[in-house]
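What follows is one structure encoded as structure tokens, with my remarks underneath.
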Amino acid sequence: MNRQTQQKLQQLLIIILAWMLTGVVIAVFEDLVLHTRNSLGPVPGYTLISSIILNAVIGLFGALLGGSLLVFFVNVKYNDKPYGYTLLIVAGSFLGVILIVNEILSLYELGDSKRFLKNGLVWAIVVSITQLLLQINSKFGQGIFWDIIRGKYNTPKEESRIFMFLDLNSSTSIAESLGDKKYHELLKDIFIDITNPILENRGEIYQYVGDEVVIAWRYDEGLRNNKCINCFFDIKTHLLLLRDKYIGKYGLLPAFKAGIHCGKIIAGEVGIIKRDITYSGDVLNTTSRIQNMCKEFNQEMLVSIALIEELQLTDHYTTQMLGAIKLRGKEKEMQLVAVKPV
């Protein structure tokens with residue numbers, strides 16, 4: 001099972017639990033309303049337990065059907081569409097779900113039209129909130145939104161991370177030949193197409209900076225099975241598979257150069273209006289400078305010796321020591337290593 005499918009199943013599990021809990025809350029609320037002074041009371045045979053079970057089952061059924069539709073279809077097929085567009089698609093799709101849910105309710109409530117309208121409205125709100133949260137999670141990146149919600153980085157924390165600065169080759173000449181609008185379309189296609197190889201290698205897309213992508217790994221995950229190195233060559237292989245698409249649409253096959261480094265950084269929340277989790281520290285500046293050296297040494301990937309010493313490179317890769325190099329703006333020299341597949 002690939003990484004993206006695992007993430008989708010995790011999202012679906014959360015939706016199932018949340019919607020079942022919503023069903024329980026609805027049942028408890030209805031029970032409280034039924035026992036108020038102005039209520040006519042419950043119908044014969046009604047019990048709170050049976051109502052909770054019924055509403056939880058409805059939540060489960062709705063989540064399995066509607067949650068799967070959201071996670072595996074809407075947010076995949078329309079991942080490049082405006083958020084408002086997906087909300088309209090969801091609203092139309094879930095009209096059918098609401099009808100099915102309320103048909104089940106009508107069997108239990110003997111076809112009460114007011115119940116139909118009330119439950120339809122409640123579940124429409126639940127579905128809309130779910131889709132909005134999925135879109136927000138997608139915007140921040142997998143897991144980042146939850147970190148913000150629980151305040152994990154409200155106080156800055158020191159962490160060990162691996163970073164890759166991935167830069168599009170010949171970006172200036174490509175932009176001039178394609179024009180601004182077409183060049184933007186190219187970047188959009190590239191960033192969509194390289195997402196899967198990044199996720200498969202446990203990478204986190206930290207930032208898009210013009211034609212550059214900054215990828216981060218938690219230290220152990222990046223080292224495991226050389227995922228931080230594999231990521232670059234998996235991206236390259238994936239783009240080669242899409243050669244006909246890019247040649248036909250843009251007249252070129254995009255290629256990248258990359259610099260990779262590791263070390264301690266400070267992770268913390270910044271901003272009030274546009275809150276986000278950012279990383280700061282010398283590691284990022286150094287990684288950027290390493291990437292800039294790729295052109296000078298005519299290499300597609302350069303890795304710091306500090307990271308090479310932590311990796312267990314197998315027979316799949318060859319390394320070439322480039323000597324001690326003093327990076328621009330740095331006092332100390334750093335050993336750079338060119339890495340290539342065998």
Below 4.5 Å, heavy atoms only, C-beta onward: do Tyr208 and Leu187 meet side chain to side chain? no
So, do Pro254 and Ile174 sit near enough that their side-chain heavy atoms are less than 4.5 Å apart? no
Working to the nearest 0.5 Å, report the span between CD1 of Ile16 and CD of Gln11. 12.0 Å
Mind telling me whether Phe233 and Tyr317 have parallel, tilted or perpendicular rings, with 30° and 60° as the class edges? tilted
Apart from Ile266 itself, which Ile, Leu, Val, Met, Phe, Trp or Tyr residues share its cluster (side-chain heavy atoms under 4.5 Å, direct or through members)? none
Closest non-hydrogen atom pair, Leu166 against Ala258: CD1-CB, 3.9 Å
Is Lys157 atom NZ crowded by more than 12 heavy atoms from other residues, nucleotides or ligands, each under 6.0 Å away? yes
Do the side chain of Thr36 and the main chain of Leu32 share a donor and acceptor less than 3.5 angstrom apart? no
Are Leu21 and Leu60 connected, step by step, through hydrophobic side chains (Ile, Leu, Val, Met, Phe, Trp, Tyr) whose heavy atoms are closer than 4.5 Å? no
When every non-hydrogen atom of Ala306 is compared with those of His261, the smallest separation belongs to CB-CE1, 4.3 Å
About how many Å separate CG of Asn292 and CG of Leu302, when rounded to the nearest 0.5 Å? 10.5 Å
Answer with yes or no whether the hydrophobic clustering places Ile15 together with Leu9; edges join I, L, V, M, F, W, Y residues whose side-chain heavy atoms lie under 4.5 Å apart. yes
Give a yes or no on whether Lys245 atom NZ has more than 12 heavy-atom contacts from other residues, nucleotides or ligands under 6.0 Å away. yes
Minimum heavy-atom distance between Tyr279 and Glu204, given as atom pair plus value: OH-OE2, 2.9 Å
Leu70 reachable from Phe73 in the ILVMFWY side-chain graph, under 4.5 Å edges: yes
Across all chains, not counting sequence neighbours, the salt bridge (charged side-chain N to carboxylate O under 4.0 Å, His left out) partners of Lys8 are none
Where do Leu336 and Ser304 come nearest, in terms of heavy atoms and distance? CD2-CA, 4.4 Å
Looking at Arg161 and Glu159, does any basic side-chain N land under 4.0 Å from a carboxylate oxygen? yes
So does Glu185 pair up with Lys249, basic N to acidic O under 4.0 Å? no
Under 4.5 Å between any side-chain heavy atoms of Lys340 and Met301, yes or no? no
Side chain to side chain donor-acceptor pair (under 3.5 Å) contacts in which one or both residues fall within residues 209-228, not counting sequence neighbours: Ser171-Asp211, Tyr183-Asp211
Under a 4.5 Å side-chain heavy-atom rule over Ile, Leu, Val, Met, Phe, Trp and Tyr, are Leu223 and Ile308 clustered together? yes
Are Glu30 and Asn55 close enough, and set up right, to give a side-chain contact (heavy atoms from CB on, under 4.5 Å), and what steps lead you there? CA-CA 11 Å; Glu30 288 181 339; Asn55 280 278; 4.3 Å; yes
Side-chain contact, heavy-atom cut-off 4.5 Å: Leu178 with Tyr250? yes
Side chain Asp31, main chain Ala27, donor-acceptor under 3.5 Å: no
All heavy atoms of Ile215 vs all of Gly203, minimum pair found to be CG2-CA, 4.1 Å
Please report the shortest heavy-atom distance between Lys264 and Val283, naming the atom on each side. O-CG2, 3.4 Å
Are any non-hydrogen side-chain atoms of Met164 and Cys228 less than 4.5 angstrom apart? no
With a 4.5 Å limit on heavy-atom distance, are the side chains of Phe163 and Ile265 in contact? yes
Do Leu64 and Trp19 share a hydrophobic cluster, counting only Ile, Leu, Val, Met, Phe, Trp and Tyr and linking them when any side-chain heavy atoms are less than 4.5 Å apart? yes
Take Cys231 and Ile198 through the test side-chain contact (heavy atoms from CB on, under 4.5 Å) and record every step on the way to the result. CA-CA 6 Å; Cys231 181; Ile198 293 172; 4.0 Å; yes
With side-chain contact (heavy atoms from CB on, under 4.5 Å) as the test, would you mind laying out the steps for Leu239 and Phe256 before giving the verdict? CA-CA 10 Å; Leu239 290 176; Phe256 288 91; 3.8 Å; yes
Taken to the nearest 0.5 Å, the spacing of Phe191 CZ from Asp193 CG works out to 11.5 Å
First locate atom CG of Asn201, then atom CD1 of Ile229, and finally report the distance between them rounded to the nearest 0.5 Å. 10.5 Å
Report the distance from atom CD1 of Ile53 to atom OG1 of Thr47, rounding to the nearest 0.5 Å. 7.5 Å
side-chain contact (heavy atoms from CB on, under 4.5 Å) between Leu284 and Tyr206, worked out: CA-CA 11 Å; Leu284 287 98; Tyr206 171 49; 3.9 Å; yes
Given side chains that start at C-beta, do those of Ile190 and Tyr246 come closer than 4.5 Å, heavy atoms only? yes
Any non-hydrogen side-chain atom of Met334 less than 4.5 Å from a side-chain atom of Ile290? yes
Spatial distance of atom CD (Gln291) from atom OG1 (Thr286) [nearest 0.5 Å]: 13.0 Å
